[in-house]
Amino acid sequence: MATTVKQMDLLGGEAYPSYEEIIEACTKEFANYVLPKGDTIFGFWMQTLADLELLDLELQGLAEDYTIDPVKRKVKLDGDEDFIRSRIAHLERVKGEPTLYSQVVDMFGDTNAYAFHNLYPYKGKFYPRVVRTLINAFKLNSDSLLLDPFNGSGTATHEASLMGGIKYESKR
Ligand SMILES: C[S@@+](CC[C@H](N)C(=O)[O-])C[C@H]1O[C@@H](n2cnc3c(N)ncnc32)[C@H](O)[C@@H]1O
């Protein structure tokens, strides 16, 4: 059982918060700051300004119109919601429902090493969601042909085949 050690003031009183109380208060404050608010929200894996640019690129290819709120970590968008939900890599939910990408990430417990992406683990690999972003930005569809002459561990081709192969099922 965890014991809480109170810090004492010079007279033996408990004037100061304990270490645990400070951590708990900071955790609440931090969660309040970083957790997105809204029904169309960033994925928790979006950590850098580069991710913000990638989200923007994807939405250019997928949505009819959109605005990104980087502070509240949410997006307003118009377009085919089910299609966007099935394709987008940088959103966790679209209009309240989880995206296919977030479902796959949950299933494998990893934002990069899902499906066969970890068959050949290598630190310098492409992030699969960068590939997904490019496919979305270029508006490729199941009639498109993606060739990778420097296929390496196959991130681009595997992600492309996943995008063509896994069908999104709405949970509504
Ligand atoms: C960075 S990796 C490519 C990653 C890959 N596009 C993906 O999506 O995972 C570069 C690959 O190109 C291969 N390569 C480099 N020079 C090559 C060449 N002249 N001919 C064929 N393959 C080459 C390397 O062996 C390596 O597997």
Side-chain angles (χ1 to χ4, degrees), residues 30 34-172:
F30 187 65
V34 298
L35 288 180
K37 292 164 190 62
D39 64 357
T40 299
I41 55 170
F42 291 10
F44 66 85
W45 50 91
M46 274 191 66
Q47 304 291 342
T48 66
L49 288 176
D51 288 321
L52 210 52
E53 294 294 329
L54 293 173
L55 170 65
D56 192 40
L57 260 181
E58 286 200 285
L59 288 169
Q60 283 177 40
L62 295 175
E64 283 162 23
D65 196 18
Y66 63 92
T67 51
I68 299 173
D69 183 336
V71 175
K72 295 195 173 125
R73 301 170 67 87
K74 65 178 187 180
V75 170
K76 270 191 194 153
L77 55 81
D78 291 325
D80 181 343
E81 289 165 24
D82 273 343
F83 176 66
I84 297 171
R85 235 181 246 115
S86 72
R87 299 279 302 248
I88 201 153
H90 288 86
L91 294 180
E92 189 173 330
R93 270 183 273 149
V94 170
K95 303 277 165 84
E97 267 205 80
T99 56
L100 178 60
Y101 188 83
S102 66
Q103 288 173 7
V104 171
V105 162
D106 279 355
M107 200 189 310
F108 287 87
D110 198 302
T111 55
N112 293 312
Y114 51 80
F116 287 109
H117 281 306
N118 215 30
L119 200 58
Y120 172 63
Y122 164 59
K123 276 188 180 173
K125 278 160 79 101
F126 253 164
Y127 287 132
R129 64 176 177 276
V130 171
V131 176
R132 188 169 275 259
T133 298
L134 294 173
I135 289 172
N136 285 332
F138 286 114
K139 301 187 182 195
L140 302 188
N141 59 36
S142 50
D143 293 330
S144 310
L145 190 59
L146 188 145
L147 297 172
D148 186 352
F150 298 93
N151 200 40
S153 49
T155 309
T157 41
H158 185 43
E159 190 65 13
S161 82
L162 289 177
M163 288 177 78
I166 302 180
K167 293 285 173 261
Y168 179 77
E169 280 179 31
S170 172
K171 290 194 170 163
R172 269 187 291 206

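Just so you know, these numbers use all the heavy atoms, side chains as well, and skip hydrogens, waters and symmetry mates. Counting convention: from 1, in listed order, for ligands and their atoms alike.
- Residues passing the ring-ring contact (aromatic ring centres under 6.0 Å, His included) test with Phe116, sequence neighbours excluded: His158.
- Sorted by first then second residue, the salt bridge (charged side-chain N to carboxylate O under 4.0 Å, His left out) pairs that include residues 49-61, not counting sequence neighbours, number zero.
- Between the side chain of Lys95 and the main chain of Arg85, no donor-acceptor pair closer than 3.5 Å is present.
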Would you mind listing each N/O atom of ligand 1 next to any protein N/O under 3.5 Å, plus the distance?
from: ligand 1; atom 1: 6 (N); to: Asp148; atom 2: OD2; distance (Å): 2.7
from: ligand 1; atom 1: 6 (N); to: Phe150; atom 2: O; distance (Å): 3.1
from: ligand 1; atom 1: 8 (O); to: Thr155; atom 2: N; distance (Å): 3.3
from: ligand 1; atom 1: 8 (O); to: Ala156; atom 2: N; distance (Å): 2.8
from: ligand 1; atom 1: 9 (O); to: Gly154; atom 2: N; distance (Å): 3.4
from: ligand 1; atom 1: 9 (O); to: Thr155; atom 2: N; distance (Å): 2.9
from: ligand 1; atom 1: 9 (O); to: Thr155; atom 2: OG1; distance (Å): 3.0

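- The two residues Pro128 and Tyr114 come nearest to each other via the heavy atoms CB-OH, 3.2 Å.
- Looking only at distances, a side-chain donor or acceptor of Arg73 sits under 3.5 Å from a matching main-chain atom of Met46.
- Every residue two or more places apart in sequence or in another chain was checked for a ring-ring contact (aromatic ring centres under 6.0 Å, His included) with Phe42, and none qualifies.
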